[in-house]
Protein chains: 2
Amino acid sequence: MSDSWIERFPELAALPPQDRAFLTERAAKVALPAGTTVFAPGVAAESFLLILAGTVRVQQVSPGGREIVLYRVTGGETCIMTTSCLLADENYAADGVTETDVEAVAIPKAAFEEAIAQSPGFRRLVFTDYSRRISDLMHVVEEVAFERLDKRLAQRLLARADNSTVVRVTHQDLATDLGSAREVVGRLLKELERRGWVALSRGAIELRNPDQIKALAEGS
Amino acid sequence: MSDSWIERFPELAALPPQDRAFLTERAAKVALPAGTTVFAPGVAAESFLLILAGTVRVQQVSPGGREIVLYRVTGGETCIMTTSCLLADENYAADGVTETDVEAVAIPKAAFEEAIAQSPGFRRLVFTDYSRRISDLMHVVEEVAFERLDKRLAQRLLARADNSTVVRVTHQDLATDLGSAREVVGRLLKELERRGWVALSRGAIELRNPDQIKALAEGS
DNA sequence: GGTGGTCTGTGACTTAGTCACGTTCCCGTG
DNA sequence: CACGGGAACGTGACTAAGTCACAGACCACC
């Protein structure tokens with residue numbers, strides 16, 4: 001297989017040639033259409049996944065049907081859920097779904113373990129991603145436990161806007177991001193509209209006053 | 001240093017003799033009195049920590065003064081916060097405090113990295129603990145986001161009771177465990193007392209009807 | 001026997017979540 | 001083109017949880 005994908009991962013690109021060759025020989029490129037379930041509670045993974053492009057959403061679903069996004073895996077990152085399955089035979093109560101079409105590289109378990117054993121750079125990649133996820137999770141706990149929902153909503157709107165002025169997203173999507181309920185998000189959005197900060201329409205939210213929204217997102 | 005401590009860690013006890021010797025030569029036993037801050041935001045760790053006895057509480061503090069316990073590290077486990085600092089030079093927004101007197105073993109950074117490189121068993125120990133913590137954190141998110149506070153309170157009471165019938169704990173301690181507010185916990189406890197399930201006194205809670213409390217803790 | 005610190009109680013209020021609907025919009029099929 | 005069904009959104013009434021500003025109550029130690 002071509003080794004061009006390896007450039008997406010600085011830790012791997014810096015490996016000595018024989019390590020790079022080892023990885024590229026055993027890696028297989030996979031394409032996952034949007035909406036694919038990458039992993040789910042109770043399903044053990046059988047290969048290590050490196051994401052090249054697209055995003056995977058990792059979320060929890062409550063018995064009552066509510067959902068919360070724990071973090072997103074994007075290009076240049078690895079999927080620690082599958083990593084953990086490989087390394088610790090642990091099964092997690094979360095599921096991963098592709099939000100967009102995803103291109104990834106799969107490394108079989110045996111090759112993964114050998115890479116871990118042989119290559120400090122590869123280990124570093126894996127550990128760094130573990131740390132990043134723990135950091136993400138702690139941030140989620142902090143937000144859910146301590147921050148006001150309107151502030152968190154403003155943050156999500158800005159994050160999803162990504163410099164554009166119109167966000168194509170449903171109230172339910174935002175509620176899932178925040179671990180809240182659709183009606184609650186709807187009411188908060190309505191209040192923002194009343195203040196003239198956003199304009200609401202079906203499936204889309206226009207940010208009319210990004211500065212005020214930013215102030216809300218950053219406010220104490 | 002004596003190598004008897006290594007028996008507390010099955011993964012390490014099973015190592016080949018030279019790996020065991022390597023670790024015990026470089027390890028230093030440390031004793032931390034209750035209430036010691038083991039790590040805090042912005043402070044980088046300089047050695048890897050294995051806990052022999054006692055517990056370290058890892059928690060987040062909100063700007064508004066509220067706190068939430070993320071997880072506890074007990075005997076036979078490693079402290080992944082310090083691990084992450086060593087492996088990924090990442091700083092976390094959490095702090096660790098000893099809840100009891102703690103006996104631990106510290107392995108300096110250089111020896112830690114060598115052990116990671118050389119010993120598959122040592123790697124396995126580290127990865128397993130990472131996985132456990134991620135699992136813990138996801139559980140916290142799930143609880144905080146989706147579960148009712150009275151149910152979570154009942155769970156905490158039972159966990160702290162540990163087969164005894166009297167729990168020595170303040171309302172504030174429980175609130176910190178749950179990431180809630182003292183007054184809220186107090187009101188819920190009062191309601192449990194009204195039902196005759198507990199008896200309240202200053203600094204202690206007597207479980208008068210553990211079965212009902214269990215039912216609440218396990219109920220949908 | 002006062003005194004300061006910790007622990008707990010209370011009421012009034014705001015914010016968030018739940019439940020059970022009703023309404024509106026869109027898009028394909030007959 | 002009507003129309004029927006699903007997805008998205010709106011609403012009111014209610015419960016649960018958090019906040020704020022206090023007021024007591026208890027304990028230990030001079």
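Residue-to-nucleotide contacts include a donor-acceptor pair under 3.5 Å from the side chain of A/Arg202 to the base of C/dC25. Evaluation of atom-type donor-acceptor distances gives no pair under 3.5 Å for the side chain of A/Arg187 against the base of D/dT11.
Under 4.0 Å is where a charged nitrogen must lie from a carboxylate oxygen, and between B/Arg208 and B/Glu206 at least one such pair does. A salt bridge is absent between B/Glu11 and B/Arg124: the closest approach of a Lys/Arg side-chain nitrogen to an acidic carboxylate oxygen does not fall below 4.0 angstrom. Checked for salt-bridge contact, B/Arg187 and B/Glu191 miss the test: no charged N lies under 4.0 Å from a carboxylate O. Here A/Asp177 does not pair with A/Arg152 in a salt bridge; the nearest charged N to carboxylate O distance is not below 4.0 Å.
Distance CD (B/Glu191) to C1' (D/dA16): 13 Å, rounded to an integer number of Å. In this structure, NZ of A/Lys151 is placed 15 Å from P of C/dT15, rounded to the nearest angstrom. The interatomic distance linking B/Leu153 (CG) with D/dG18 (C1') rounds to 15 Å, in whole Å. Between the P atom of C/dG17 and the CD atom of A/Gln172 lies a distance of 13 Å, rounded to the nearest Å. Atoms CD (A/Glu143) and P (C/dA16) sit 13 Å apart, rounded to a whole Å. Straight-line distance from the CG atom of A/Leu174 to the C1' atom of D/dA8: 13 Å, rounded to whole Å. Between the P atom of C/dA12 and the CD atom of B/Glu183 lies a distance of 16 Å, rounded to the nearest Å. Atom CG in B/Asp150 sits about 16 Å away from atom P in C/dG17, given to the nearest Å.
In the helix from C/dG1-D/dC30 to C/dG30-D/dC1, the terminal helix axes, each the rotation mapping four pairs' C1' atoms onto the next four within five end pairs, subtend 10°, rounded to 10°.
A donor-acceptor contact shorter than 3.5 Å is absent between the side chain of B/Lys29 and the backbone of B/Glu103.
Judged by closest nucleotide on DNA chain C, A/Glu147 is the one of A/Glu147 and A/Arg182 placed further toward the 5' end. Mapping B/Ala181 and A/Leu200 onto DNA chain D by nearest heavy atom places A/Leu200 at the nucleotide closer to the 5' end. Heavy-atom distances to DNA chain D give each of A/Phe146 and A/Thr170 a nearest nucleotide, and the one nearer the 5′ end belongs to A/Thr170.
The side-chain hydrogen bond (donor to acceptor under 3.5 Å, both in side chains) with A/Arg72 is formed by just one residue from the set A/Gln59, A/Glu77, A/Glu99; it is A/Glu99.
Relative orientation of the A/Trp5 and A/Phe9 rings is perpendicular, given thresholds of 30° and 60° on the angle between their planes.
Within the model, atoms CG of A/Asp101 and OG1 of A/Thr36 stand 8.0 Å from one another, a figure rounded to the nearest 0.5 Å.
Backbone-only contact: B/Arg148 has heavy atoms under 4.0 Å from sugar-phosphate atoms and none from a base. B/Gly64 comes within 4.0 angstrom of nothing in the nucleic acid, heavy atoms only.
Phosphate contact (OP1/OP2 of C/dG17, side-chain N/O of A/Ser180, threshold under 4.0 Å): present. In this model, the phosphate group of D/dT19 is approached by a side-chain N or O of B/Arg66 to a distance below 4.0 Å at OP1 or OP2.
Residue B/Leu149 places its side chain closer to D/dA17 than to any other of D/dC9, D/dA17, D/dT11. Comparing C/dT15, C/dT18, C/dT8 by their nearest atom to the side chain of B/His171 picks out C/dT8.
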